Amino acid sequence: MKTFVRALLVAAATIAPLFANTAQNQPIVLVIPFSAGGSNDSIGRYLADRLSRLWHQTVVVENRPGAGSAIGAAHVARSAPDGHTLLFVSSSLTTMAATVTNLPFDPMKDLQTVGLAAVGQSVIVTGSRIRMPTLASLIEQSRERTIFYGTAGVGTTSHLAAELLNDAAGIKMTTVHYRGASNAMIDMAGGRLDVYVGAVASLMSSIASGTATPVAVAGRMRDPAIPDVPTAAEAGFPGMEADVWWGVFAPAGTPAAEVSRINAGINAVMETPESRALLAKNGAVPRQLSVEAFELLVAADLQKWSRLAKARGISTN
Amino acid sequence: MSFFDHLVLGFSTAVSPENLAYCFAGCALGTVIGVLPGIGPLATISVLLPFTFGLEPTTALIMLAGIYYGAAYGGSTTAILVKLPGETSSVVTVLDGHEMARQGRAGVAIAAAAIGSFVAGCVGTLALAAFAAPLAAVAFRFGPAEYSSLMFVGLLGAVSLSSGSIARALGMVLIGLILGTAGTDLDSGVQRFTFGQPLLWEGINFVIVAVGLFAFGEVVSGLDEGERGEGVSAPMGSLMPTREDVRRMTPSILRGTAVGSVLGVLPGAGLSVSSLFSYTLEKRVSRFRHLIGKGAIEGVAGPEAANNAAAQTAFIPSLTLGVPGSPTMALMLGAMVMHNIQPGPQVMTRNPDVFWGLVASMWIGNAILIVLNLPLVGLWVRLLRIPFRALYPAILLFCCLGVYSLRFSTFDVFLAAGFGLAGYVFRRLECEPTPLVIGFVLGPLLEENFRRALIFAEGDYTVFVREPVSLGLLLLGALVAAGAGAARSKTGLAAAPG
């Protein structure tokens with residue numbers, strides 16, 4: 001028994017180094033509220049890696065998936081606002097805020113915008129049953145028979161963007177929900193699904209293989225990955241924009257100096273040829289915004305989606 | 001270029017020292033994570049993905065693919081030894097595999113699983129190489145109506161495959177169905193059975209249910225039954241299958257391979273049901289079907305062959321059409337895109353060295369796995385000899401770590417503990433947990449596809465019998481149910497006093 005107690009004490013003493021964490025060498029935790037894998041995770045991990053090299057400080061990625069991105073976001077919202085816990089999330093944060101009624105945190109009040117890492121565009125693609133790959137043809141057919149559009153789930157960007165199209169074109173396409181874009185593409189390949197509005201990144205392999213035909217870019221400019229595809233505005237439907245973005249947030253109350261420092265860091269590491277190359281593979285481009293400009297972007301997005309969700313009655317309870 | 005030339009190209013690519021080394025590393029790593037509960041191939045592949053950027057695309061994909069099916073091998077090892085299914089496809093292996101372990105034939109069971117998987121892997125790779133494009137085209141004709149009928153047949157199979165009373169199996173399947181509804185409903189966004197807890201918004205993770213019902217439940221009931229402090233009670237038999245065993249395994253392996261190769265091509269659901277269908281088939285068709293459920297080698301070799309064949313053919317829709325059938329496949333596709341390879345029909349013509357190199361490495365990977373695993377059988381089996389008072393805490397510890405690693409949440413661990421308690425109660429009531437788990441996995445798939453089929457059919461219920469494949473599957477289901485009923489009345493008559 002005595003030996004056991006002695007052994008236990010020695011073992012207990014080995015945790016001493018834990019208390020050596022001073023502010024300088026405490027690692028920064030970047031919470032990614034998605035499971036490992038996928039474009040959200042790879043962009044986030046890349047950012048973490050580059051930031052840690054820039055600041056000579058450990059930046060650790062913690063995947064906390066669940067409830068869309070709510071679990072991870074709520075965790076960050078509750079964390080100490082000292083700049084050591086950050087959230088890396090996509091624009092799904094705003095679509096979630098617009099449609100989920102019982103979120104365990106308030107995205108506007110509990111989180112502070114820090115910086116934008118990248119933006120990507122969405123594209124409207126159609127399946128084999130749509131006669132011609134134009135927006136006009138799609139709309140014409142929607143008046144003749146039931147057109148089915150797929151989503152990656154209730155309240156996701158693909159859902160809200162397609163409803164935006166319904167709104168802008170004055171048509172009524174029928175919703176078919178899937179667990180993610182890949183599952184929607186399976187039905188598109190099978191000739192059952194007609195329309196999907198999704199990020200260029202997630203649709204590139206389907207476009208390349210001919211499963212999905214791009215019809216219009218739901219954004220301000222043509223996309224370099226699919227340069228021959230007109231924007232929705234060019235096709236006659238301005239206001240049909242559904243950009244996706246990836247950004248970093250901190251708990252509300254984080255000191256402004258910390259926020260600016262991190263913002264500068266993000267802007268510095270994401271505007272390099274290497275970052276551009278990685279983002280291009282994910283159908284995204286870097287964009288540098290100040291803290292305030294990013295805040296305005298997030299607020300504008302939230303307003304757009306909230307208005308649409310309320311008008312169309314889209315919510316999860 | 002003829003098929004033979006393609007294979008030569010593939011093997012010459014795959015057999016380079018670098019590729020072989022990475023294949024070996026991937027398989028070894030995959031086996032280890034397959035054995036550990038919680039962390040699975042998906043998480044491992046994604047964490048290792050950035051490290052592969054410095055490698056050649058073919059090398060990177062070979063390693064990642066090695067992890068992928070190494071995990072399948074590892075999952076069946078824990079299913080046999082400690083009754084913990086590593087993933088959905090090993091759930092069925094638990095039934096006869098663990099029985100065999102109890103009878104001292106753990107080594108034979110693991111070897112049977114390895115051999116079955118190897119044979120199936122070879123055939124599956126051949127199917128991928130030879131029939132990729134036509135198989136893929138067929139796969140996409142499988143729509144939601146067909147999927148929901150397939151799931152329905154799977155559920156009927158789950159009820160019929162249990163050796164105990166039908167009423168209990170049916171009850172367990174129903175409980176599994178109810179548990180499967182927990183989470184946010186896909187079509188309406190309504191939250192079901194979440195009790196206001198955001199951690200339940202995406203439903204209950206399979207790992208939590210499997211670890212709780214099987215591992216924790218097993219530990220608790222083992223303690224209750226007061227096992228002796230020693231390991232498995234039966235004396236340890238030979239580690240390798242006898243000639244008799246091999247003779248019995250062969251037809252099951254062949255049947256399992258056929259079932260798995262076909263089902264694996266169906267994106268999404270094929271993998272989950274392949275081992276289940278194989279088990280049900282064995283129960284109907286095997287010469288030793290009366291022994292299945294009590295430790296018959298057919299019940300291990302067949303399903304394991306099916307799930308490995310399915311794992312290989314699952315690459316078909318991903319590689320040829322760029323449409324992944326599962327999250328892990330999606331990640332592999334992402335890896336290909338990262339390395340500037342566009343998956344799709346052109347991948348065979350534009351990057352033949354990658355495609356055929358990958359195909360060849362699959363065969364090599366299977367070979368490596370069997371070389372790795374067969375000698376390790378002795379080591380695994382020795383684990384069973386550890387006295388329970390050391391083995392049980394170790395199992396509990398690894399399982400808790402595994403569950404916690406899912407999302408760094410203690411809620412998940414407590415939920416698994418709750419399932420452990422339920423698992424103990426079920427054992428006392430003589431209810432097998434396997435039908436529950438199958439209901440839990442297939443139920444949501446059935447619901448999703450059923451409702452989607454109705455959306456596409458605009459409310460017309462006859463779509464399930466109008467479509468020929470769907471009708472065929474439903475008739476098959478009727479046969480399965482009738483067969484189960486007949487078998488039971490036969491044994492009932494035999495058992496009734498004269």
Side-chain angles (χ1 to χ4, degrees), chain A residues 35-39 41-42 45-46 49 61-68 70-72 74-75 99-100 102-105 146 148 153-155 174-183 185-193 201-202 204-211 278 281-282 314-317, chain B residues 42-47 49-50 53 136 139-144 184-191 194 196-202 267-268 317-318 320-331 333-334 336-338 340 342-347 406-409 448 451-452 455-456 458:
Chain A
S35 37
S39 46
D41 185 63
S42 33
R45 281 178 186 274
Y46 177 78
D49 177 58
V61 163
E62 230 175 63
N63 292 92
R64 284 187 179 250
I71 299 291
H75 172 81
T99 53
V100 178
N102 56 345
L103 277 179
F105 69 100
T146 323
F148 299 100
V154 173
T174 307
T175 322
V176 184
H177 293 290
Y178 291 87
R179 292 185 197 279
S182 328
N183 289 336
M185 285 304 109
I186 293 173
D187 264 353
M188 195 162 263
R192 288 172 287 273
L193 195 62
S202 55
M204 261 335 282
S205 62
S206 302
I207 294 176
S209 66
T211 303
L278 176 95
K281 287 201 179 103
N282 280 299
I314 301 167
S315 78
T316 76
N317 66 334
Chain B
L42 181 59
T44 314
I45 291 176
S46 53
V47 167
L49 195 53
F53 288 156
F140 290 100
R141 303 257 52 88
F142 226 72
T184 308
D185 177 44
L186 180 65
D187 278 315
S188 63
V190 169
Q191 287 168 6
T194 57
Q197 166 63 264
L199 281 165
L200 284 174
W201 285 0
E202 286 182 354
S318 308
T320 57
L321 280 155
V323 178
S326 69
T328 323
M329 273 299 142
L331 196 52
L333 279 186
M336 288 177 86
V337 173
M338 286 275 150
N340 281 320
Q342 278 302 347
Q346 334 88 306
V347 77
L406 290 171
R407 338 184 254 197
F408 296 105
S409 151
E448 182 185 333
R451 288 161 78 179
R452 190 173 301 143
I455 293 177
F456 279 126
E458 299 184 68

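Within every chain, numbering begins at 1; the chains are lettered A, B, ... in the order of the sequence lines, protein sequences first and strands thereafter. Being a predicted model, the structure only gives us computed values, none of them experimental.
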Q | Contact check, side chains of B:S409 and A:R64, non-hydrogen atoms, under 4.5 Å | A | no

(Q) Between B:S188 and chain A, with a heavy-atom cut-off of 4.5 Å, which part of the residue counts as in contact: side chain, backbone, both or neither? (A) backbone

Q) Hey, which of B:T184, B:D185, B:D187 has the most heavy atom pairs under 4.5 Å with chain A? A) B:D187

Q) What part of A:I314 lies closer than 4.5 angstrom to a heavy atom of chain B: side chain, backbone, both or neither? A) neither

Q | Nearest heavy-atom neighbours spanning B:E458 and A:F148 | A | CG-CZ, 4.2 Å

Q. What's the spacing between B:I455 CD1 and A:T174 OG1 if we round to 0.5 Å?
A. 8.5 Å

**Q.** Toward chain B, the part of A:Y46 with a non-hydrogen atom under 4.5 Å
**A.** neither

Q) Can you find a heavy atom in the side chain of B:L186 that is under 4.5 Å from one in the side chain of A:Y178? A) no

Q) Side chain of B:R452, backbone of A:H177: donor and acceptor closer than 3.5 Å? A) yes

Q. Between A:A74, A:G153, A:G190, A:G72, which shows the greatest number of heavy-atom pairs under 4.5 Å with chain B?
A. A:G190

Q. Got a second to check how far B:W201's CH2 is from A:N102's CG, nearest 0.5 Å?
A. 4.5 Å

